[in-house]
Visitor: 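Structure below; questions to follow.
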Number of protein chains: 2
Amino acid sequence: MPQSATNQGGPAPAGTVGAATAVAWDGVADLLRAGGLRWTPQRRTLVDVLKEHEGHVTATELIARCRELDRTTTPSTVYRTLDVLEEFGLVAHGHGPDGREEYHVLPEQVHGHLYCSGCGATWEIRPETGAAIVDALAADLGFSVDLSHVTISGRCRGCHDSPTD
Amino acid sequence: MPQSATNQGGPAPAGTVGAATAVAWDGVADLLRAGGLRWTPQRRTLVDVLKEHEGHVTATELIARCRELDRTTTPSTVYRTLDVLEEFGLVAHGHGPDGREEYHVLPEQVHGHLYCSGCGATWEIRPETGAAIVDALAADLGFSVDLSHVTISGRCRGCHDSPTD
DNA sequence: CTCGCTATTGCAACTAATTGCGCTTGGGGC
DNA sequence: GCCCCAAGCGCAATTAGTTGCAATAGCGAG
């Protein structure tokens with residue numbers, strides 16, 4: 001399997017992340033406290049890591065980075081904190097092509113993902129295309145899709161006819 | 001979470017399974033041998049289990065059932081056999097909404113799946129609808145989708161406005 | 001019927017993710 | 001500035017799935 005490049009600058013450009021992003025994270029501490037939750041060093045570490053990881057990350061990667069910043073980090077804490085952050089809409093989780101947990105940091109708009117089994121890259125599905133999918137399924141049997149949780153696999157244009165699989 | 005009903009008879013009827021199905025399994029032994037592979041008691045057990053499980057099953061369920069028939073069944077063997085059967089197109093694997101392995105027995109036509117986070121039921125995506133999705137993504141960036149590997153979650157018509165989540 | 005090659009098996013170790021539980025501690029109240 | 005107590009933490013055990021490796025056993029050849 002090739003390196004899992006995260007091809008956001010490609011055919012389907014991801015939402016622009018930048019200044020606005022930092023602001024969102026600044027408020028986390030207060031956001032949590034407002035909900036009766038607490039701001040702990042461990043959560044601070046995870047948020048620090050998330051700040052530098054715009055886009056998509058696997059839970060395992062997050063845990064590894066946290067460990068670099070704080071040697072005492074425990075997996076269970078990271079997973080639990082991610083759950084909390086998800087409730088606040090700061091991250092969204094989905095499952096990669098191999099079924100492993102994958103987190104989308106600061107999902108500015110709901111979007112699905114494409115995974116190329118040829119080169120291992122992932123793309124975001126453009127909103128318009130996503131809408132087409134949602135519409136198709138709504139028409140089919142009144143199903144309202146939760147796009148954020150979707151990862152569709154296949155082969156990108158480049159790998160279309162390569163025999164890598 | 002409710003029982004995960006497999007709602008094949010619903011809005012999106014699954015392909016009819018029956019007589020033709022049995023035939024497909026009858027040839028497995030020869031099919032394998034023709035490919036230089038072997039027909040072992042363990043594989044026989046798994047195939048026996050698959051015979052009684054038209055539709056969708058999780059890997060765990062298959063392993064459990066194999067254990068009932070043959071107490072000595074090992075998980076690794078089941079997974080490996082499943083891989084082999086997949087290469088012959090006799091089963092197809094995907095990932096359920098929670099990322100767990102899920103196998104589709106004798107997929108007569110490629111199809112994706114819908115999972116309702118409200119009632120836990122799953123539906124198959126109708127071929128026409130699936131085609132619409134494939135087309136949309138092909139148009140987007142020349143991506144050729146592997147529908148069989150897709151599970152999209154959301155809420156079905158019935159659960160549309162229930163607050164179960 | 002026996003032999004040998006190699007596909008397969010079973011074990012054991014390992015990764016990813018999840019959960020129950022007792023101890024710790026953030027942070028509002030006094 | 002000190003107390004309290006539920007939120008949260010770390011640990012350890014559990015489930016699902018995967019992999020390396022040595023021993024086993026299909027099955028075609030002779």
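Here is the naming used below: chain letters follow the sequence lines, and residue numbers restart at 1 for every chain. A quick note: this is a predicted structure, and the numbers were derived from the prediction, not measured.
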Visitor: Can you see if the side chain of A/Gln42 gets near the phosphate of D/dG10 - specifically, an N or O under 4.0 Å from OP1 or OP2?
Guide: yes
Visitor: State whether the number of non-hydrogen atoms from other residues, nucleotides or ligands found under 6.0 Å of A/Arg67 atom CZ is greater than 12.
Guide: yes
Visitor: Quick check: any donor-acceptor pair below 3.5 Å linking the side-chain of A/Arg100 to the base of D/dG17?
Guide: no
Visitor: Report the distance from atom CG of B/Leu46 to atom P of C/dT9, rounded to the nearest whole Å.
Guide: 10 Å
Visitor: Does B/Arg38 make a side-chain donor-acceptor contact with the base of D/dG28, cut-off 3.5 Å?
Guide: no
Visitor: Looking at B/Ser76, I'd like to know whether one of its side-chain N or O atoms comes within less than 4.0 Å of OP1 or OP2 on D/dT18.
Guide: no
Visitor: Want to settle it: does B/Thr72 or A/Thr58 sit nearer the 5' end of DNA chain C, counting the closest nucleotide to each?
Guide: B/Thr72
Visitor: In whole Å, what is the span from the CZ atom of B/Phe88 to the P atom of C/dA7?
Guide: 13 Å
Visitor: Does A/Arg43 put a side-chain nitrogen or oxygen below 4.0 Å from OP1 or OP2 of D/dG8?
Guide: yes
Visitor: To the nearest Å, give me how far apart CG (B/Leu31) and C1' (C/dA7) are.
Guide: 16 Å
Visitor: Distance check: side-chain N/O of B/Thr81 vs OP1/OP2 of C/dT8, anything under 4.0 Å?
Guide: no
Visitor: So, is A/Arg33 close to the C/dG27 phosphate, meaning a side-chain N or O under 4.0 Å from OP1 or OP2?
Guide: yes
Visitor: Counting only side-chain N and O atoms of A/Thr60, is one of them less than 4.0 Å from OP1 or OP2 of C/dA17?
Guide: yes
Visitor: Distance check: side-chain N/O of A/Tyr79 vs OP1/OP2 of C/dA17, anything under 4.0 Å?
Guide: yes
Visitor: When the ring planes of A/His56 and A/His113 are compared, do they come out parallel, tilted or perpendicular, using 30° and 60° as the limits?
Guide: perpendicular
Visitor: If you pin B/Tyr103 and B/Leu37 to their nearest nucleotides in DNA chain D, which one's is more 5'?
Guide: B/Tyr103
Visitor: Counting distance only, does the side-chain N/O of A/Thr58 pair as donor-acceptor with the main-chain N or O of A/Glu101 below 3.5 Å?
Guide: no
Visitor: Strictly distance-based, threshold 3.5 Å: is any side-chain N or O of A/Arg43 a donor or acceptor partner for the main-chain N or O of A/Arg38?
Guide: yes
Visitor: Quick one: is C/dA7 close enough that its OP1 or OP2 comes under 4.0 Å of any side-chain N or O from B/Thr40?
Guide: no
Visitor: Can you tell me the distance, in whole Å, between the CD1 atom of A/Ile63 and the P atom of D/dC9?
Guide: 13 Å
Visitor: Would you please say whether a donor-acceptor pair under 3.5 Å links the side chains of B/His93 and B/Glu102?
Guide: no
Visitor: Nearest-Å distance, CG (B/Asp83) to C1' (D/dG17)?
Guide: 11 Å
Visitor: Does A/Trp39 or B/Glu102 map to a spot on DNA chain D nearer the 5' end, using the closest nucleotide for each?
Guide: A/Trp39
Visitor: In this structure, how many angstroms lie between the C1' atom of D/dG10 and the CZ atom of A/Arg80, rounded?
Guide: 8 Å
Visitor: Using a cut-off of 4.0 Å on non-hydrogen atoms, how would the nucleic acid contact of B/Gly99 be classed: base, sugar-phosphate, or nothing?
Guide: nothing
